[in-house]
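Below is one structure, written out as structure tokens; the observations come after it.
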Amino acid sequence: MESRIDNFLDELNEEQRKAVEATEGPVMIIAGAGSGKTRVLTYRIAYLLKQGVDPFRVLSLTFTNKAAAEMKERIIELIGGDARNLWMGTFHSVFARLLRKEAEKIGYPQNFTIYDTDDSKGLIKSITKELGLNDSTYKASTILGRISSMKNMLISAEAYVNDAQYMSDDRAARREHFAHIFLTYNKRLFKAGAMDFDDLLFQTNMLLRDHPEVLLKYQDMFRYILVDEYQDTNFSQYMILRQLAARHQNIAVVGDDAQSIYAFRGANIQNILNFQKHYPDTQVFKLEQNYRSTKTLVHAANLVISKNRDQLQKTVWTSNGEGEKIQLMRAERDTDEGRVIAQSIFNFKATKQAANSEFAILYRTNAQSRSIEEALIKLNIPYRIYGGLSFYQRKEIKDLLAYFRLAINQHDEEALRRVINYPKREIGDTTFDKMIVAAADNDISIWMVMDNIKDFNLGLSPRVTERIAEFVNMIKSFAAMASTSTAYQMGEYIYATTGLKRELEQDRTPEGVNRIENILGLFNGLKDFSEKPLDEGVIPSLSMFMEDVALLTNEDRTKEDKSKSDKVLLMTIHAAKGLEFNYVYIAGMEENLFPSQMVLNSREELEEERRLFYVAVTRAKKQLILSNAIYRFRYGSPQSNEPSRFLEEIPAECLTNVSFREEASEHVYSRTPSAFRKPAQTAIKSPPPTIVGKKLMSMNKAAQTSLPMDNSHLSGLKVGNRVEHERFGQGEVLTIEGSYPNSKATVMFGNGDKKQLLLKFAKLKIVG
DNA sequence: GGACGTTCTGTTTTT
DNA sequence: CAGAACGTCC
């Protein structure tokens, strides 16, 4: 193929070209919506490679895997296959890859598991339950949110405990046990050989901070760093970049402060607003010409965003034509809104000869998709929901993947919890809870308890004990295969051996058939992966397959069909970032929905919501259509809505009302409008939680010791010895059974607690 | 331990 | 309304 490398710079405007050619030193590119940002980024990389920079030395971070893949493809088109060697991906995927290489430096196994949000919540639920904190104050999602924001600010659990301000805040908020949950959560993650999403960035920071030789290696490796969507980076990401770029200072960030929409997950808009302070020699380029949208749309978007206070100065303009006005469609209720949108698409297709794929329907919440889908189906308009529940979040897929995870890392507690009794094998909650307690008492993973189940006296029936041993042997047999079999072989074997296959095939309902189809879809992926040519001697193993799975979304999976299929796309506005369509619908333009009622407490939150609206508006190339409904079902009952305040921010000369009288609802309301109520006020919350059940463990020890350990100093332990346990304090040995290393001791501790400890694991000292 | 029925609770966006 | 959590019975 003829290389375009020699003349591709001619395709850029003057400012774009300057931004591409400024390869040395810190660079900030402020790119307005539709200003050719991706083009600048790809050409910049192509230009670097053309100057002779080794692709291995270029690190390019994007927001989604998909964006990375597309960019790579375009660079390959420009300069050829060398580009395959670029370090390109999301923060999470690139640094997960880096952490696997360096895992042992931070005490993690190279095969560490990545916990997704469900896993993390499951672990937190387990911890709060064990602590007897099952109260609404300690909801898993709230706890995880707080842990996440701490990790994103690089505040460790240990630092948190020692911070007087946090501790008093927690007391005031009646969540005084949060710190303990935070510590326990991290400890359990570590014991399970697992990291959550935020750990991938947190641990990368720690690795680079504490290992100068590693830092130096990567500073030199990543000689040129490029960051897309910089306005959406958080503090943790900022610090990684700062460490990596410190030596060569070749960092180029691209972004648009007006499109920062991820503050809710820690993104800090100050990163882009203060970039020049962080890097004083920064060259700044502003891309202000919009190539995407009509004058009407650019003008309206500018006016909307001008209502925000926090922003960098810039003027987006376009030389495109005036274009059509923005349409506003009002519907009676949510189902009518769907109908009106579908009808409008139908009409546009007829009058403008437009294809389905030229349309996108955007909404604030995933739940809104349903009424729209139903209406599209009725009018026979093909559609695809983009995002939503990920393929990898489906139950049957998660179940199978949990077995895969166990085959790779037996300590993975959440995978174990998921499948230990699925399909049913008589190891129920009671048994599992007992094993959790035994694991906590001995400071080991649950797998270690199971693997040594005969040494623990948990009061299990011989039958259950036997079933546990069978399970352990089954998982061990998977683990033994792992190094010699391909991912596909392993997958088939696991699917059949665990009984999952039989379980699923028993269900003949349409949903059951669909589940099997999903599993087959996964196997197709496994097969492709297993047939991929690799370096000689390297088997495409299951663990290699699993390396990325936790970080993929379903969009990264669906490959060819999206270009072939001509479908209307439905997605949240967040998911639409970076995309563009000729005709864009924004549904649900209602106060309390968009802007969301969760968000009306502070100026900053409202401004983020307004930026979200700005993002939505600027996705459109030719025309924008807004809609809302007067009544919408929520919590199972209809509620009346006011039009969104954002509608008033659109200049009147850009807007036109459209009515679809022929599509008026046939529905007759069974209740008078006065029966429609605003959402009920949330009742004053329950009294502070009292702790029942197990006592809290001492807070100040969270020693993270790698397994296994040598405990031979306990081989001579005798009845009557005084011992000191790392967490339980001093106690007296009451009984000893068996001989070391399979011996166990019953110890009476000072507070009257009797614990049974396995001596090969126990964190005990003999003190008398 | 597990199946099944009843009550409670909750809805923002995602790597 | 829908899914999770809880309670009761075998």
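The structure presented is a predicted model; accordingly, all values stated were derived computationally and were not measured.
Checked against side chain to side chain contact (heavy atoms under 4.5 Å, CB included), A:Ala68 has the following partners two or more places apart in sequence or in another chain: A:Thr62, A:Met88. In this view, A:Phe594 and A:Phe613, A:Phe646 satisfy the ring-ring contact (aromatic ring centres under 6.0 Å, His included) rule, not counting sequence neighbours. Remark: A:Phe222 engages A:Trp87, A:Tyr218 in a ring-ring contact (aromatic ring centres under 6.0 Å, His included) (not counting sequence neighbours). Legend: residues meeting ring-ring contact (aromatic ring centres under 6.0 Å, His included) with A:Tyr115, ordered by chain and number and at least two apart, are absent.
Nearest to the side-chain atoms of A:Ser596 among the listed nucleotides B:dT12, B:dT13, B:dT15 stands B:dT12. Closest to the A:Arg370 side chain, of the nucleotides B:dT15, C:dA4, C:dA2, is C:dA2. Comparing B:dG10, B:dT13, C:dA5 against the side chain of A:Lys139 picks out B:dG10 as the nearest. Taking every side-chain heavy atom of A:His92 into account, B:dT15 is the closest of B:dT15, B:dG10, B:dT13.
Residue A:Tyr262 is in sugar-phosphate contact alone, with no base atom involved, counting any heavy-atom pair closer than 4.0 Å across all strands shown.
Within residues 420-432 of chain A, the residues approaching DNA chain B are A:Asn421, A:Lys424, A:Glu426, A:Gly428, A:Asp429, A:Thr430, A:Thr431, by heavy-atom distance under 4.0 Å.
Following rounding to the nearest Å, A:Tyr392 (OH) and B:dT15 (C1') show an atom-to-atom distance of 15 Å. Computed from coordinates, the A:Arg611 CZ to B:dT13 P distance equals 18 Å when rounded to whole Å. In this structure, A:Gln368 places its CD atom 16 Å from C1' of C:dC1, rounding to the nearest Å. Whole-Å rounding puts the A:Phe63 CZ to B:dT13 C1' distance at 11 Å. Rounding to whole angstrom units, CZ of residue A:Arg463 and P of B:dG2 are separated by 10 Å. A straight line from NZ of A:Lys121 to C1' of B:dT14 spans 11 Å, rounded to a whole angstrom. In this entry the distance linking CG of A:Leu606 with P of B:dT13 reads 18 Å, nearest Å. C:dC6 atom C1' lies 12 Å from atom NZ of A:Lys129, rounded to whole Å.
For residues 584-596 of chain A, every residue pair satisfying the salt bridge (Lys or Arg N to Asp or Glu O under 4.0 Å) rule, not counting sequence neighbours, is listed here: A:Glu590-A:Arg632, A:Glu591-A:Arg645.
Remark: the backbone N or O of A:Ala192 is paired with a side-chain donor or acceptor of A:Asn409 at under 3.5 angstrom.
For the pair A:Lys395 and A:Tyr422, the cation-pi test (distance below 6.0 Å, angle within 45°) is passed.
Between A:Asn366 and the phosphate of B:dT14, there is a side-chain N or O to OP1/OP2 separation shorter than 4.0 Å. At B:dT15, none of the side-chain N or O atoms of A:Thr64 fall inside 4.0 Å of OP1 or OP2 (strictly under the cut-off). For A:Lys125, a side-chain nitrogen or oxygen approaches OP1 or OP2 of C:dA5 to under 4.0 Å.
Mapping A:Ser141 and A:Asp198 onto DNA chain B by nearest heavy atom places A:Ser141 closer to the 5' end of the strand.
By the 5.5 Å and 30° criteria, A:Phe264 is not stacked with the base of B:dT12.
For the P atoms, the distance linking C:dA4 with B:dT13 amounts to 16 Å, nearest Å.
Ring-plane geometry between A:Tyr238 and A:Phe235 is classed as tilted, the angle between the planes lying from 30 to 60 degrees on a 0 to 90 degree scale.
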